[in-house]
There are 2 protein chains.
Amino acid sequence: MTMSHQTGGRRKPPTIHDVAREAGVSRGTVSRVLNGGHYVSPAAQEAVNAAIRKTGYVVNRHARSLITGRSDSVGFLLTEPQEKFFEDPNFNVLLRGCTQALAAHDIPLLLMIAGTEDERRRISRYITAGHVDGVLLVSSHSGDPVAEQLREAGVPLVACGKPIGQGSKVSYVAADDRDGARDMVSHLLSLGRRRIGMITGPLDTPGGVERLAGYREVLADAGIEADERLIVPGDYSRDGGEAGAAELLSRIPDLDALFVASDLMAQGALTALQRAGRRVPEDVAVGGFDDSPAATAGSPALTTIRQPWDRISSEMVRVLLAQIGGEDPSAVILPTELVKRESA
Amino acid sequence: MTMSHQTGGRRKPPTIHDVAREAGVSRGTVSRVLNGGHYVSPAAQEAVNAAIRKTGYVVNRHARSLITGRSDSVGFLLTEPQEKFFEDPNFNVLLRGCTQALAAHDIPLLLMIAGTEDERRRISRYITAGHVDGVLLVSSHSGDPVAEQLREAGVPLVACGKPIGQGSKVSYVAADDRDGARDMVSHLLSLGRRRIGMITGPLDTPGGVERLAGYREVLADAGIEADERLIVPGDYSRDGGEAGAAELLSRIPDLDALFVASDLMAQGALTALQRAGRRVPEDVAVGGFDDSPAATAGSPALTTIRQPWDRISSEMVRVLLAQIGGEDPSAVILPTELVKRESA
DNA sequence: CTGAAAGCGCTTACAG
DNA sequence: CTGAAAGCGCTTACAG
């Protein structure tokens, strides 16, 4: 009468030693079965598997990690104030996508938020101490000290969006921001709009810079004279969009279209337009960016540029895993798509 | 000329052994300093601290965990389809609050999502294998097999909301749903409304059951005859709220108020009311529940019942940590608050 | 293909 | 207060 499979006293989980004894092999053989079954005879293989089932054995990750030096987990690092990210639906989509993509590899995701200087220091130490094998970095702004530290420490890293000023030494995955912006502005032009305002993203972010560049290019190509008063900087927040639209309206009352660099800001812009008595899209056509949940949360539903979030997150995971496996950094640029709804 | 502090080859991080040598003490003494400094002379203490600084030593958590049997990390477990949680702003608030509360204890949070049967099995194994010291469980529905398994496996656990049918064996933290519902319905009555419809939460959740109970109690207390046609079940989703409101409107066209069991559903209800040409609050007063970001995302801003999310998350963490420390399970019920805005 | 053995980096009684 | 030693549960050359 063995003690295995006993219900009450689960204090001591079975170890590789228990499995070995049960299977009548050495611990080395059990370990080999656990790690892919190479150089193991079918008979031993089978005996070990049976023993694992019988004992309910599950590997102790700490012991394994101690020797392999790997944690088999990945960090999802946010280096901005929490409010910002949680307000932004893009964040959710990304987090969800990465969690999913990692789950397919049986790799747990550690969520790390480093909003303050203090937290950044702690988390940086935590990461460099080897608690995760790599980091998915989500931070819109440039000059991020954490990114730099991690890169220097040799921690596998992939950013969402091109990190400004990091050269090509860090991997990233991004949508084609400029091309997306071009599509949207072209669409607004095709609607007959000519006084097209823009609320940009933060101009120290690649998305901010590129989407503005796309806007400028298309207007220039169409022979429309540049008017800097039509451009107002934003911060990707709903309130920022509202304030930006109000400002533009006061500058250019007969504005007939608005390209807003994120759906969340576009929602805010809708509020401002509504308050000012403008009909959307009749008086002012509004184009957003992201195709985030925010695009369809309000009314009218936003015409927007879809970022391929599913692919962005799965590519981030793929590139990170490759890098953990020893590959060099790489960049991936994904195409966007115009999604027509009610607002333009 | 020592090799410490060398920049290039950071392949081998310093171990406790390096620190001991540097400080001229034994590894045991270094460990004692690391673990609180008890039974260590001030001189040794100082020498070790200096050596730690000099070598840049940081403890290897895997080695520590292997011997202590603790991981010093906590899981945040979602046992529902991801979409559901990510759609719901409450989830964000809770995740953020817990991350924050744990960060104060220097404890990282592992985000785990078990939407499918498959994922549940894998994550259950993962947890019982000791990769986290305890679990913050977020799952609205009852009969959750994971909760049961974890409880049986003796994993410290605290749920958000009272788990139905788990007796008092599992810790939980919840807002006073019934009392909150009573406040809202009383408020609607005080506005002179008498034909008050309700869109409930899922009735296999404590929130669903309790908020409905509060609604019934207040109407009964006010001597208003119960009319079951005024009650329609919901699922906490925006679409569910929209469908529910449409259904109520078709049943009771002269409805003059609506109590909706979540802000997100209330947003959906607003859409349905608007489409039906009802003005809010003039024709139909609408009361939500949660005071989530959804309450102020649309127009009009929702009058709602605030759940004290900050306290809920900090209490969840406190109770979990206590339980990890050996305390028995406990339940915490937190008060809610009526927040008046535009919709009622 | 397989076993015996060393060792990953730490903590913790055990003697002093 | 402190050192020497055992041991946590695993993986991985090393010989066979």
Side-chain angles (χ1 to χ4, degrees), chain A residues 4 10-52 55-73 125-126 128-131 133, chain B residues 4 10-52 55-73 125-126 128-131 133:
Chain A
S4 51
R10 53 187 65 259
R11 293 286 58 99
K12 266 293 190 187
T15 73
I16 205 174
H17 189 242
D18 300 317
V19 176
R21 189 175 36 204
E22 182 73 40
V25 300
S26 75
R27 293 180 292 152
T29 297
V30 175
S31 181
R32 278 177 214 111
V33 171
L34 254 26
N35 291 287
H38 302 302
Y39 304 102
V40 181
S41 67
Q45 179 90 251
E46 215 168 290
V48 169
N49 281 139
I52 287 175
T55 55
Y57 172 78
V58 27
V59 68
N60 180 319
R61 319 282 295 216
H62 302 307
R64 173 180 287 175
S65 291
L66 176 56
I67 177 136
T68 62
R70 303 231 321 219
S71 68
D72 298 318
S73 68
R125 281 200 342 165
Y126 187 79
T128 33
H131 216 146
D133 294 334
Chain B
S4 51
R10 52 187 69 260
R11 292 284 61 96
K12 265 294 190 186
T15 73
I16 206 174
H17 189 242
D18 300 317
V19 175
R21 189 175 36 204
E22 182 72 39
V25 300
S26 73
R27 293 180 290 152
T29 297
V30 175
S31 180
R32 278 177 215 111
V33 170
L34 255 25
N35 291 286
H38 302 303
Y39 304 101
V40 182
S41 68
Q45 179 89 252
E46 215 167 289
V48 169
N49 281 138
I52 287 174
T55 55
Y57 171 78
V58 27
V59 67
N60 179 320
R61 319 281 295 214
H62 302 308
R64 175 180 285 177
S65 290
L66 176 56
I67 177 139
T68 62
R70 302 230 324 217
S71 69
D72 298 318
S73 68
R125 280 197 345 164
Y126 186 79
T128 35
H131 217 145
D133 294 334

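Just so it is clear: chains get the letters A, B, ... in the order the sequence lines come, proteins before strands, and each one is counted from 1. Hydrogens, waters and symmetry mates play no part in the numbers below; they use all other heavy atoms, side chains included.
One P atom belongs to D:dA6, the other to D:dT2, and the distance between them is 22 Å to the nearest Å. Taking the C1' atom of each, C:dG16 and C:dT12 are spaced 16 Å apart, rounded to whole Å.
For DNA chain D, the neighbouring residues in residues 41-50 of chain B, judged by any heavy atom under 4.0 Å, are B:Ser41, B:Ala44.
Remark: A:Thr15 engages A:His17, A:Asp18 in a side-chain contact (heavy atoms from CB on, under 4.5 Å) (not counting sequence neighbours). The side-chain contact (heavy atoms from CB on, under 4.5 Å) check on A:Ala23 picks up A:Val25, A:Ala47, A:Val48, A:Ala51, with sequence neighbours excluded. Take B:Ile67 and apply the side-chain contact (heavy atoms from CB on, under 4.5 Å) test, not counting sequence neighbours, and it matches no residue. Every residue two or more places apart in sequence or in another chain was checked for a side chain to side chain donor-acceptor pair (under 3.5 Å) with A:Arg70, and none qualifies. With sequence neighbours excluded, the residues that form a side-chain contact (heavy atoms from CB on, under 4.5 Å) with A:Asn35 are A:Ser31, A:Arg64. Checked against side chain to side chain donor-acceptor pair (under 3.5 Å), B:Asp133 has the following partners two or more places apart in sequence or in another chain: B:Ser71.
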Kindly list each side-chain donor-acceptor pair under 3.5 angstrom involving residues 56-63 of chain B, sequence neighbours excluded, with atom names and distances?
unit_1, atom_1, unit_2, atom_2, d
B:Asn60, OD1, B:His62, N, 2.8
B:Asn60, OD1, B:Ala63, N, 3.0

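Under the 4.5 Å side-chain criterion, counting only non-hydrogen atoms from C-beta, B:Val30 is not in contact with B:Val33.
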- Quick one, give me the B/S/- string for nucleotides 7-14 of chain D, reading 5' to 3', where B means a protein heavy atom under 4.0 Å from the base and S means that only happens at the primed atoms, P, OP1 or OP2. BBBBBBB-
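Contact between B:Arg27 and B:Ile16 at its shortest, heavy atoms only, is O-CD1, 3.8 Å. Counting all heavy atoms, side chain and backbone alike, A:Gln45 lies closest to A:Val40 at N-CG1, 3.7 Å.
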- Query: Where each pair must be Watson-Crick or G-U wobble with both distances under 3.5 Å, what dot-bracket representation of DNA chain C is obtained, with crossing pairs in [ ] and other-strand partners as |?
  - Reply: |||.||||||||.|||
